[in-house]
Amino acid sequence: MNQERPVSAREIVERLRSRIGWQSKAVDSVIEGRQVRAWTEAIGDRNPQWSDEVPPTFLFALQPEVLETEMPEAMEYGRVWLNGGVRFEYFRPVRIGERLRAVARLVDVYEKQGRSGGLLFIITETTFEDEREAVVCKIHRTTIRR
Amino acid sequence: MRDVEIGEEIPELVKTATLRTLVQYAGASGDFYEIHYDDAFARALGLPGVIVHGMLKGAYLAQLVTDWLQLDGRLISLAISYRGIDRPGQPLRCRGVVKRIEARTVELEIWSENPEGSTTATGTAIVEFG
């Protein structure tokens, strides 16, 4: 039986780095009150503002899911996914009922050596636009594989 | 504009995520990664057991700021980094301090502390009053 040569960490990093600039298909969502309520109830945030306006971290849940589907080679690096940090930029308040278009981009990929082995950093940025194609929010996100 | 001073600490927010919270958050966010609700899975990956979602901690820190802001202002940006894992069932102290003020824009340093006093997440919030 043929044994497949295990892919080296360097090959994984190089393969992923060659995809920097890749962009997902646009994902359109209508902001639903029910989903926002599930979010605020899970967090325990009873601020009455969120009956009309979207709470600050909610759009995280509407990012196009790209890592496991579009970058399966990342799964060959390490054993676990870790959240490496996030930055939200808000351009205007978003209201429940709005329709938004989200596009995710691969911004950077690199490797660092940690105390217990290598760490693969995957940086994505998702841009949310409204129906007038105005940007309402950007999410810059770091996901780590180790 | 509201009276704000550099160095002022904003009212603290204490949150305790139970295992049920993690399940509820998984449902609400669509993040069903097993490290947040399957203890054996988490331990097999070298974790002490299930851990709180990083973004749930981020949401707590966002609430810290929006509770303080109320209708007087809005968030311009929010950045969160992680310094340590948090286990469910423990109170997480979310705290913030005013670092800079420029006209109506205020920058806050925010962070979460576990019951041992260790910082488990840090961040910066930039808000605009009026």
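Throughout, a chain's letter reflects where its sequence line sits, starting with A, and its residues are numbered from 1. Only heavy atoms go into these numbers, but all of them, side chains included; no hydrogens, no water, no symmetry mates.
- Only the backbone of A:F91 has a heavy atom closer than 4.5 Å to any heavy atom of chain B.
- Each of A:V86, A:T142, A:L62, A:T57 has some count of heavy-atom pairs under 4.5 Å with chain B, and the biggest count is that of A:V86.
- Looking at every heavy atom in both residues, B:R74 comes nearest to A:Y90 through NH1-O, 4.0 Å.
- Of the residues considered (B:Q63, B:K15, B:Q70), B:Q63 shows the highest number of contacts with chain A, using heavy-atom pairs under 4.5 Å.
- Taking CD1 of B:I80 as the start and CZ of A:R141 as the end, the distance is 14.0 Å to the nearest 0.5 Å.
- The neighbour count for B:E9 CD, taken as heavy atoms of other residues, nucleotides or ligands under 6.0 Å away, is above 12.
- Criterion: ILVMFWY side-chain heavy atoms under 4.5 Å apart, direct or through other members. Under it, A:V135 and A:F58 are not part of a common hydrophobic cluster.
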A:N83/B:H53 under side chain to side chain contact (heavy atoms under 4.5 Å, CB included): CA gap, chis, key distance, verdict = CA-CA 8 Å; A:N83 195 327; B:H53 303 70; over 6 Å; no
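- Surrounding CZ of B:R20 are at most 12 heavy atoms belonging to other residues, nucleotides or ligands under 6.0 Å away.
- Under the 4.5 Å side-chain contact rule for hydrophobic residues, B:L47 and B:L92 do not share a cluster.
- Considering only heavy atoms from C-beta on, B:I76 stays 4.5 Å or farther from A:E89 through its side chain.
- Atom CD of A:Q113 has more than 12 heavy atoms from other residues, nucleotides or ligands within 6.0 Å.
- Remark: B:R100 CZ is loosely packed, at most 12 non-hydrogen atoms of other residues, nucleotides or ligands lying under 6.0 Å away.
- Residues B:I110 and B:V97 are members of separate hydrophobic clusters, defined by side-chain heavy-atom contacts under 4.5 angstrom among Ile, Leu, Val, Met, Phe, Trp and Tyr.
- Rounding to the nearest 0.5 Å places CZ of A:R87 at 11.0 Å from CG of B:L78.
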How far apart are the C-alpha atoms of A:V80 and B:Y33, what are their side-chain angles, what is the distance that settles it, and do they pass the side chain to side chain contact (heavy atoms under 4.5 Å, CB included) test?
-> CA-CA 10 Å; A:V80 58; B:Y33 194 31; 3.3 Å; yes
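- Interatomic distance, B:S29 OG to A:W39 CH2, rounded to the nearest 0.5 Å: 5.5 Å.
- Nearest approach of B:T66 to A:N47, heavy atoms of both residues: O-ND2, 4.0 Å.
- Residue A:R146 qualifies as open at atom CZ: its count of foreign heavy atoms under 6.0 Å is 12 or below.
- At a 4.5 Å heavy-atom cutoff, the contact between B:L75 and chain A is made by backbone and side-chain atoms alike.
- Only the backbone of B:A44 comes within contact range of chain A, with at least one heavy atom under 4.5 Å from a heavy atom of that chain.
- Proximity to chain B involves both the backbone and the side chain of A:D45, based on heavy atoms less than 4.5 angstrom apart.
- For CZ of B:R87, the number of neighbouring non-hydrogen atoms (other residues, nucleotides, ligands) closer than 6.0 Å is greater than 12.
- The backbone N or O of A:I43 sits nowhere less than 3.5 Å from a side-chain atom of B:Y25 that would complete a donor-acceptor pair.
- Contact of B:I126 with chain A is not made at all, since no heavy-atom distance falls under 4.5 Å.
- A:F88 and A:I122 are members of different hydrophobic clusters when ILVMFWY side chains are connected at heavy-atom separations under 4.5 Å.
- Among the candidates B:G123, B:A28, B:A26, B:A17, the residue making the largest number of heavy-atom pairs closer than 4.5 Å to chain A is B:A28.
- Put simply, B:V52 and B:V14 are part of two different groups of oily side chains (I, L, V, M, F, W, Y) that touch within less than 4.5 Å, one to the next.
- No part of A:R37 comes within reach of chain B, as not one of its non-hydrogen atoms sits under 4.5 angstrom from that chain.
- Looking at A:E41, both its backbone and its side chain come within 4.5 Å of chain B, counting heavy atoms on both sides.
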